[in-house]
Amino acid sequence: MGRSCVGQSGRLGLVVLTLATALACSSSAPPAGRTVDEPTDPLRPQPQRGEVPADAHVVDYVMEATLHPDERRIDGKSSIHWRNTSSVATDRIEMHLYMNGFRAEDTHWMQQGRGSHRGNRQDTEAPWGYCDVTEVRRAEGPTLEFAEGDDPSVMTIRLDDPVSPGDAVDLQLQFTTVLPRVFARTGVADGFVMAGQWFPKVAVLEPDGRWSNHVFGFHSEFYADFGDYDVLIDVPHPMKVGATGIEVEAHDDGERRRVRYRASMVHDFAFTAWDGFEEWDTEQDGIRVRMLAPPQFAQEVPAHFETQLQTLHSMEERFGPYPWSTITIVLPPRAASGAMGMEYPTLYTTSPAEQVPPWLAPLGYRSRGATFTTVHEFGHQYFQGLLASNEYAQPWLDEGLNTFSNALALADRYGPDPMVVELAGVPLTLSQAGRLLAMSGSPSYPIDTDADGFAPYTGEYSRVVYRRTASLLATLRTLAGQERFDAAMRAYTDRFRFRHPRGEDFVAVLIEEIGRFVPLAQADPELGDSSAVQLDVADFLRQGLETTHDVGFAVFATRNRRRPGDAGWHRNAQGDLVGGEAPDFTAVQQREDADVEALVIVQRTGDFTVPVEVDVEFADGEHERLWWDGRSRLRELRWPGRRVVSASVDPDGRLLMEADRTDNHRFAPASIRSRRGPAQDLGDLAEAITLTLLLGGGP
Amino acid sequence: VTALRRLAGAGGWALGLWLVFFLLAKAARVVVATSAEAAMGPYAGPVPGREDLFAVAQLAYRDQGLAAALSTAPVLMALIGFVVWTAASGLVVARLDGTTGANELGKIALGSLPGVVAQSVWHGILRAVLLAVIAVSLGPLSPVAMLITLAVGWLLASLALDLARVGVILHGARPLHPATAAYAFVRAATRPRLLGLTAVLTVAQLACAATVTHVALGSIGPGSSSIASALLGAIGIAFGLLRLSIVVGHGTVPLRSMSSDDDSDAG
């Protein structure tokens, strides 16, 4: 841990080297072009992809999309084959028309977003997008009545004949979609097209016959059934196309380019088109990984590929095989930054690798987050591309589990609790970064809140759904044991592939696999513990998911005090009061150890009840570790005949939900061996910054 | 070698300047460390485990007053240092030029003070304009070219400031006129050998400046960076004063043309 001044003398060379490297280092870009054959089946072979349950296959689409980029328009035709997998007949088909979320200021999405998204503002010249359905009919049959809902992002088709359970219906739709200039994931920008939520899509009919067809909101957009897509995309020459699934056919007559894509067992279909794309590809275990990006990003393609392949490996090891045969990474041009960082089945958009500001290089800044968007968006292929939970009702099953899996992917790549940022060789780890991000007070919402329940612009959605979920699961993993927890996660992902898992399914699997109670410590009568300490997994998850309780512990007191002697009046065997000596008030420091008692009081400062470990360091150099069940607010621990030096609550940082650890360690008075600590570090920093400024601007 | 000899002759002033800078940096340290200890209360002391940078970040994040102290104390102390250096630069330049008598030194220092202040202001404006023009014109074309040109611009400006100050203090250049500052840039740009030599020293000084903070960041935890900071500060000041000494030795002829007595040579 110690870093001597002598050791630092060589850092000048390091600084110069860093500067020189930053200026001179430029790896050559890989050659663009196809090197891997496009797979012929959108799914990997059965032995590699695993089982695909037949009853999960609900809906198929055959579509034609003719793109007119100058008018931002897609002329579309769609043939839909939909099967009623519920237990009751239905007389209607509910549809998503999510592009209509961008149709006017009074849509649900716009009411929430108010024309901006992640810092990107709605354009004033091409602000609106919509999907206008012009005709719905049964295949080779009569036209059907249809109507948009109160919010135009949903639509209902009235069927002339109800569809009985197990029966299917074939529909044909014609529609025109107009894309906005992209500011919220989907749209166009200077010829670049990212078409997401561009076609009418069937909502989910739940097993009890109730339609789940939520309107398009600011925080969520996915909940649909699995099926096959066969889509003919017609774009102007020479636009290059990327889409969900595999390319099965391509014709180019010099004016128009017609590309057919086929996808299997996915719940959405998106495509991108642009004449500015270069294409790169690679392969792993029969999965073609394709990247489409502007040429100026060519040099960072290897970094995205490396991240993608390592994340793929991690996710497959942990959560089961990736079932599809392709993955397409789209890096939009900077003009389309609003399209960056979004997931669709077998295709996602990423963002440029983080550039280290030049002024940080001389300070020895290093980061491992450069391609984190790639990790995160690929993670969505599992959560919610494969485990297709209802993102509106329980967004934590999607974003939260994915964020948790991202942390595991980083750990698989770099080791446990990896460094994410480093300054001059001093690391900030992933868990520490997570704690810092959680330091802004108690959350306003429990994790298990629907997407619309989070007020926009509060930051609570990302804080709670993404990060609190991830830290909740990470905490459970450290308490329950990594192997047991990982096995439980694997059981969940195996059981609910190609399904629509709900929160209660997830909780049930965890309890079933981990066990309701995890023993942490035996009873310790010497310390007054009459019963063993154990983690109640169900209660832990209930608190974590359904309450806003914070995890917080502190060392309330650490001190040595005189051990009670036998001074005073006592009755002897005859019943007479004898003695009456004065108590011995010799200072604790001057007493024999046998006359001293170590006292440590630990405190639960948060409302979240969870067992916690306590480490006590004694004057003889020994440490004692014990578990406290954390149920009461305070716990007094005494060791007669010993002197305490310091005490730490949660010394190993297992409780990753605890944001503030500044009160987790406390020395006994007069026991601090060195005053060096964060206060002195900050003082040194202030001194150094002052000198840096003076030297930089002085003589 | 001559410049080194001149600097050695003014060693006391160099030491004095270092002491002022050192004390100002210590003052910033005391302000911040005391605030941080108060913020930590009974939890002050070493942090166990691998949490050094985290503990510092957490403390600064949790206590906004402390974060404010950390950001303002160094800036405030640096401003005081700049004022001290500006006020003392007449003395230092005169001493580097070989002046020894206390009366004469005081006379030069006091007499040149308004001019030094004015030239520092004009120079600051010109430096900002130069760097802004480089950033705006080259930034969209090539960030790498912009960074390199910005660095060259900064080195050029550092020499120009020295030339302007020396011109005012030693050679009677017009003390308040912006043309003196502007002409110093021209002189700096047209003296490639001088620019090259002083650029090396400026880079060395800036490297010391960056290394001070680098070392402090690297010392977060059980180590202390105070001694290293003091040493690097002394070395950095020596580089800066050596540069000034070179300019003092070099600047006699060219900047005489900027004298208010001899405006005909100014063009």
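It should be emphasised that the depicted structure is a prediction, and the values quoted were computed from it without experimental measurement. Order of the sequence lines sets the chain letters (A, B, ...), proteins ahead of strands, with each chain counted from 1.
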Examine distances only and state if a side-chain atom of B:Gln58 and a backbone atom of A:Leu436 form a donor-acceptor pair shorter than 3.5 Å. no

Sort out for me which of A:Val421, A:Asp663, A:Ile689, A:Asn664 touches chain B most, counting heavy-atom pairs under 4.5 Å. A:Asp663

Would you say A:Arg334 has more than 12 foreign heavy atoms packed within less than 6.0 Å of its CZ? no

Heavy atoms only: give me the nearest B:Ala216-A:Ala688 pair and the separation to one decimal. CB-CB, 3.4 Å

Check each atom of A:Asp660 against the heavy atoms of chain B and say whether the ones under 4.5 Å are side chain, backbone, both or neither. both

Side-chain heavy atoms of A:Pro427 within contact of B:Phe54, under 4.5 Å: no

Hey, mind stepping through B:Ser224 and A:Arg676 against side-chain contact (heavy atoms from CB on, under 4.5 Å) and telling me if it holds? CA-CA 8 Å; B:Ser224 169; A:Arg676 291 241 24 117; 3.6 Å; yes

Portion of B:Ile237 that has a non-hydrogen atom of chain A nearer than 4.5 angstrom: both

In short, B:Ala230 meets A:Leu691 closest at the heavy-atom pair N-CD1, 4.5 Å

Considering only heavy atoms, which portion of A:Thr662 lies under 4.5 Å from any heavy atom of chain B: side chain, backbone, both, or neither? both

Spatial distance of atom CG (B:Leu53) from atom CD (A:Gln432) [nearest 0.5 Å]: 7.5 Å

Report yes if the side chains of B:Leu59 and A:Leu682 come closer than 4.5 Å at any heavy-atom pair, otherwise no. yes

Step-by-step side-chain contact (heavy atoms from CB on, under 4.5 Å) determination, A:Asp684 to B:Arg29: CA-CA 6 Å; A:Asp684 280 359; B:Arg29 184 190 195 289; 2.9 Å; yes

Need one label for B:Arg243: side chain, backbone, both or neither, based on atoms under 4.5 Å from any heavy atom in chain A. side chain

Determine whether a donor-acceptor pair (N or O, by modelled atom type, separation under 3.5 Å) exists between the side chain of B:Tyr43 and the backbone of A:Ala554. no

Atom group of B:Leu161 that falls short of 4.5 Å from chain A, counting heavy atoms: neither

If we ignore hydrogens and angles and just use 3.5 Å, is the side chain of A:Thr690 paired with the main-chain N or O of B:Ala78 as donor and acceptor? no

Among A:Leu423, A:Asp681, A:Thr558, which has the most heavy-atom pairs under 4.5 Å with chain B? A:Asp681

Within 6.0 Å of CZ in B:Arg6, more than 12 heavy atoms from elsewhere: yes

How many angstroms lie between CG in A:Leu693 and CG in B:Leu24, if you round to the nearest 0.5 Å? 11.5 Å

For residues B:Ser229 and A:Glu687, report the shortest heavy-atom separation together with the two atoms involved. CB-OE2, 4.3 Å

Contacting moiety of A:Ala659, where chain B heavy atoms sit under 4.5 Å: backbone

Under 4.5 Å from any heavy atom of chain A - which part of B:Leu79: neither

Quick check for you: among B:Ala36, B:Gly81, B:Pro74, B:Gly240, which has the greatest number of heavy-atom pairs under 4.5 Å with chain A? B:Pro74

Please classify the contact of B:Val75 with chain A as side chain, backbone, both or neither, using a heavy-atom distance under 4.5 Å. both

Testing the basics here: between A:Gly696 and B:Leu206, what is the closest heavy-atom pair and its distance to 0.1 Å? CA-CD2, 3.9 Å

Which atoms form the tightest heavy-atom contact between B:Leu232 and A:Leu695, and what is the distance? O-CD1, 4.1 Å

Greater than 12 external heavy atoms within 6.0 Å of B:Trp85's CH2: yes

Crowding at CZ, A:Phe297 (>12 non-hydrogen neighbours, <6.0 Å): yes

Could you check whether any side-chain heavy atom of B:Pro42 comes within less than 4.5 Å of a side-chain heavy atom of A:Arg666, counting everything from C-beta outward? yes

Set out, in order, the CA-CA distance, both residues' side-chain angles and the distance that settles side-chain contact (heavy atoms from CB on, under 4.5 Å) for A:Leu685 and B:Val32, then state yes or no. CA-CA 9 Å; A:Leu685 266 182; B:Val32 171; over 6 Å; no

Return yes when atom CH2 of B:Trp122 has more than 12 non-hydrogen atoms of other residues, nucleotides or ligands closer than 6.0 Å, and no otherwise. no

Search all heavy atoms of A:Pro678 against all heavy atoms of B:Ala55 and return the closest pair with its distance. CG-CB, 3.7 Å

